[in-house]
*Asks:* 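I am attaching a structure below and will ask some questions about it afterwards.
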Amino acid sequence: MSLEQKIEAILFYKTDALSVDALVKLLGTDKNQIEEALNLLKEALKDRGICLIRKDNEVMLSTAGEASALIEKIGKEELEGELSKASVE
């Protein structure tokens, strides 16, 4: 498994942003290799339904901006849907 695949799996599992330093520690590699893998992952996710978001020293996976209308629609439908039996109680 490549380093970028490992990073993708970790970010998918964690769901929250992780620092580059945390990825270095988790994967036992140096910061330059993590940076290179992040660049490869970002390019690999281009034109996909998810994307790599980076802010300062933190990275995370997110839905692609182009999918925002769809995601918003699904969210509204879930909120407006019928209450489950447990919710009613």
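Predicted model, so just to flag it, every value in this text is computed and none were measured.
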*Asks:* Hey, what do you get for CE (Met60) to OG (Ser19), rounding to the nearest 0.5 Å?
*Replies:* 13.5 Å
*Asks:* Please report the interatomic distance NZ(Lys42) to SG(Cys51), rounded to the nearest 0.5 Å.
*Replies:* 8.0 Å
*Asks:* What pairs with Glu35 under side chain to side chain donor-acceptor pair (under 3.5 Å), at least two apart in sequence or on another chain?
*Replies:* Arg54
*Asks:* Connecting only ILVMFWY residues whose side-chain heavy atoms lie within less than 4.5 Å of each other, what is the rest of Leu41's hydrophobic cluster?
*Replies:* Leu3, Ile7, Ile10, Leu11, Phe12, Leu18, Val20, Leu23, Val24, Leu26, Leu27, Ile34, Leu38, Leu45, Ile50, Leu52, Val59, Leu61
*Asks:* Considering non-hydrogen atoms only, spot the tightest contact between Glu58 and Ala17 and give its length.
*Replies:* OE1-CB, 3.9 Å
*Asks:* Side chains of Glu66 and Asp47, heavy atoms from C-beta outward: is any pair under 4.5 Å?
*Replies:* no
